[in-house]
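Nothing here was measured: the structure is a model prediction, and the numbers come from that model. Count residues from 1 along the sequence.
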Amino acid sequence: ATTEGISAARNSLKAGQVDEAAARLAQLQLQSASFNAQQAKDYRQTLSEAYDRAIEAAQRGDPKAQAALQMLRAASPR
């Protein structure tokens, strides 16, 4: 389920749905998904890319971007 969640988040990013990607990443973090080494790396890369895209969207005035940024902060590994 973890790999599918990361893939779904990546697909959302490709489709330009930063808020959807953020929600998926936050959900994985909330579920305390246990990542293997490769999944942890993929998660961090996807999170980083989503964060960059959310910041760009916020600068363009996208109203969903602020919510995405809040979810991504929640999704950051502790």
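Interatomic distance, CG of Asp19 versus CG of Asp62, reported as 7.5 Å (0.5 Å rounding). Here Glu20 contributes atom CD and Leu25 contributes atom CG; the two are 10.5 Å apart, rounded to the nearest 0.5 Å. Atom CD1 of Ile55 is separated from atom CD of Gln66 by 9.5 Å, given to the nearest 0.5 angstrom.
Listed here is the closest heavy atom pair of Ala54 and Ala65: O-CB, 3.5 Å. Taking every heavy atom of both residues into account, Gly5 and Leu28 meet most closely at C-CD1, 3.9 Å. Listed here is the closest heavy atom pair of Val18 and Ala68: CG1-CB, 3.9 Å. When all heavy atoms are compared, the tightest approach of Arg24 to Ala9 is CD-N, 3.6 Å. Of all the heavy atoms in Ala22 and Met71, the pair that sits closest is CB-CB, 3.9 Å.
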With side-chain contact (heavy atoms from CB on, under 4.5 Å) as the test, would you mind laying out the steps for Arg10 and Glu49 before giving the verdict?
CA-CA 9 Å; Arg10 281 197 168 146; Glu49 185 179 342; 5.6 Å; no
One pair to check against side-chain contact (heavy atoms from CB on, under 4.5 Å): Gln39 and Thr3. What are the steps and the verdict?
CA-CA 7 Å; Gln39 289 168 333; Thr3 302; 2.7 Å; yes
Would you sort out whether Leu47 and Ser76 count as a side-chain contact (heavy atoms from CB on, under 4.5 Å), showing the intermediate values?
CA-CA 7 Å; Leu47 184 68; Ser76 295; 4.0 Å; yes
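A donor-acceptor pair under 3.5 Å is absent between the side-chain atoms of Tyr43 and the main chain of Ile6, judged by distance alone. With Ser12 contributing its side chain and Ala8 its backbone, the two residues share a donor-acceptor pair below 3.5 Å. Checked by atom type and distance alone, the side chain of Gln59 never pairs as donor or acceptor with a backbone atom of Glu56 at under 3.5 Å.
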